[in-house]
**Student:** 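The structure follows.
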Amino acid sequence: MKAFAVQTAFGLDNLALVDRPDPTPGPGQVVVRVRAAALNYRDLLIAKGQYGRGPQLPRVLGSDGAGEVVAVGGGVTRWKPGDRVVGCFFQNWAGGPITEAATKGALGGDRDGVLAELVVLEEGGAVAGPPGLSFEEAATLPCAALTAWHALTAAGCGPGTVVLLQGTGGVSVFALQFAAALGARVLITSGHDEKLARALGMGAAAGVNYRLTPDWDKWARQQTGGVGVDVVVEVGGAGTLERSAKAVRYGGYIALIGVLAGPGTFNPLHVLMKALTVQGIFVGSREMFEEMNRLIADRGLRPVIDRVFPFDQTVDALRYLESGSHFGKVVVRVG
Ligand SMILES: NC(=O)c1ccc[n+]([C@@H]2O[C@H](COP(=O)([O-])OP(=O)(O)OC[C@H]3O[C@@H](n4cnc5c(N)ncnc54)[C@H](OP(=O)(O)O)[C@@H]3O)[C@@H](O)[C@H]2O)c1
């Protein structure tokens, strides 16, 4: 089988299409023929060697894939050949609170991922996916969508909640769709006016260009009568956290998710004096994934796919993601 792997050194230039032996399932495992894989900012960080301690090399990239089961190992009861499945980001987090053990076994990090024609999954590390979605659409769900869903539900988002989203990448566009479905009022930032217009068309109440209005925290407070937003979905990280803490109301909630905005300084007194909850969100469990899929199915939501690349152009797809030109998700059609 063919796979995209970081071979002996990090860097997008070292990401190569390699031949690997076809995998066989061990006990409790399934082999899935990957039909589509969706890219995440994490894949860029991993390829470049900027994701924590980084994986052991060589490593097949990719956490998000959808396809069909082609072989099952001993003792497997959840799946049979021919079943359509979507892999879980964390292969060993079925449900309950996060633990260290639950976060081991992440696809495309701790173990080989889905940018391959075939991938081995734990039988409990896959879900059926919402009915009616294409492989390309279903492939977008395991990381970006689940992280957005986890953040909004952990924040108690519901009718009337005011949610501030940053940018229009994978996590934020899913957060826009989910927040709108939950009845929240969405404020959104972007570095591009045309992307803001698109977000407004999808149900955002108001948007601001963070390049033209660097003090978007003031804008967010103005939008809420000076009070501040209830929830920030913080994908910028250190570089935006200070403004997020100013944009959020007293007693508000910041879901700490990403690192897009680079380094920055942050005054922890905001947390204390405004009694903020700053909650780290790390993707989510299979149980959360299944709950999210029920909402997607009930509301007929469709993931927003910016562009689909052929498998042999995966490196171009990653460079496109790196450019930040996209709105929503970038997908690779594998087979
Ligand atoms: N904690 C977790 O479990 C988890 C899960 C998924 C993702 N993440 C992290 O969350 C972040 C977002 O991931 P993603 O997959 O959604 O990324 P992505 O699709 O690559 O998002 C890129 C977009 O982010 C926006 N952006 C970039 N810099 C920004 C800034 N300074 N302020 C506001 N927006 C900015 C831009 O949107 P505009 O063009 O509209 O400006 C850009 O197009 C990444 O850091 C990723 O590593 C964490």
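Both ligands and their constituent atoms are indexed starting at 1 by order of listing. Positions are given from 1 along the sequence. Bear in mind the structure is a predicted one, so any value in this text is a computation, not a measurement.
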**Student:** List the closest protein heavy-atom neighbour of atom 2 (C) of ligand 1: residue, atom name, distance to the nearest 0.1 Å.
**Tutor:**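 The answer is Ile281 O, 3.4 Å.
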**Student:** Under 4.0 Å from ligand 1, counting heavy atoms only, is it the side chain of Lys329, its backbone, both or neither?
**Tutor:**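 Neither; no heavy atom under 4.0 Å.
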**Student:** Check whether any N or O atom of Gly191, backbone or side chain, sits under 3.5 Å from an N or O atom of ligand 1, and answer yes or no.
**Tutor:**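 In this structure, Gly191 places an N or O atom under 3.5 Å from an N or O of ligand 1.
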**Student:** One residue to check: Leu44. Relative to ligand 1, which of side chain, backbone, both or neither has a non-hydrogen atom less than 4.0 Å away?
**Tutor:**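 For Leu44, no heavy atom sits under 4.0 Å from ligand 1.
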**Student:** Could you tell me whether Lys329 and Asp306 make a salt bridge, using a distance below 4.0 angstrom between a side-chain N and a carboxylate O?
**Tutor:**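 Result for this pair is no, no salt bridge flagged.
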**Student:** Give me the residue, atom name and distance of the protein heavy atom closest to atom 44 (C) of ligand 1.
**Tutor:**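 Checking every protein heavy atom, the shortest distance to atom 44 (C) of ligand 1 gives Tyr41 CD2, 3.6 Å.
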**Student:** Should the proximity of Phe327 to ligand 1, defined as any heavy atom under 4.0 Å, be assigned to the side chain, the backbone, both, or neither?
**Tutor:**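 Contact part for Phe327 vs ligand 1: neither.
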**Student:** Starting from atom 26 (N) of ligand 1, locate the nearest protein heavy atom and write down its residue, its atom name and how far away it is, to 0.1 Å.
**Tutor:**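 Protein heavy atom at minimum distance: Tyr210 OH, 3.6 Å.
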**Student:** Could you see which bit of Val283 sits under 4.0 Å from ligand 1, with heavy atoms only: side chain, backbone, both or neither?
**Tutor:**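 Both the backbone and the side chain of Val283 come within reach of ligand 1.
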**Student:** Identify whether the distance between the nearest side-chain nitrogen and carboxylate oxygen of Arg243 and Asp215 falls below 4.0 Å.
**Tutor:**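 No, Arg243 and Asp215 are not salt-bridged.
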**Student:** Using distance alone, determine whether Leu256 and ligand 1 share an N or O pair under 3.5 Å.
**Tutor:**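 No; every N/O pair is 3.5 Å or more apart.
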**Student:** Run through Phe174, Phe289, Phe178 and flag the one making a ring pair (Phe, Tyr, Trp, His ring centres under 6.0 Å) with Trp149.
**Tutor:**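 Passing option: Phe178.
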**Student:** Identify whether NZ of Lys or CZ of Arg in Arg286 sits under 6.0 Å from the centre of the six-membered ring of Phe90 and within 45° of that ring's axis.
**Tutor:**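 No, a cation-pi geometry is absent between Arg286 and Phe90.
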**Student:** Is the shortest distance from a Lys or Arg side-chain nitrogen in Glu137 or Arg302 to a carboxylate oxygen in the other one below 4.0 Å?
**Tutor:**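 Counted as a salt bridge, because a side-chain N and a carboxylate O are separated by less than 4.0 Å.
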**Student:** Which is it for Ala144 and ligand 1 at heavy atoms under 4.0 Å: side chain, backbone, both or neither?
**Tutor:**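 The answer is neither; Ala144 stays 4.0 Å or more away.
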**Student:** Ligand 1 and Thr189, any nitrogen or oxygen pair closer than 3.5 angstrom?
**Tutor:**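 In this structure, Thr189 places no N or O atom under 3.5 Å from an N or O of ligand 1.
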**Student:** Cationic tip of Arg333 within the cone over Phe135's six-membered ring, i.e. under 6.0 Å and within 45° of the normal?
**Tutor:**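 No; the conditions do not both hold, so Arg333 does not lie above the ring face of Phe135.
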**Student:** Specify whether Phe311 and Phe4 have parallel, tilted or perpendicular ring planes, treating 30° as the upper limit for parallel and 60° as the lower limit for perpendicular.
**Tutor:**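 Aromatic pair Phe311/Phe4 classed perpendicular.
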**Student:** Need the ligand 1 atom indices (1-based, order shown) with element for anything under 4.0 Å from a heavy-atom of Ile257.
**Tutor:**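 By the 4.0 Å cutoff, the relevant atoms are 1 (N), 2 (C), 4 (C), 8 (N), 9 (C), 10 (O), 48 (C).
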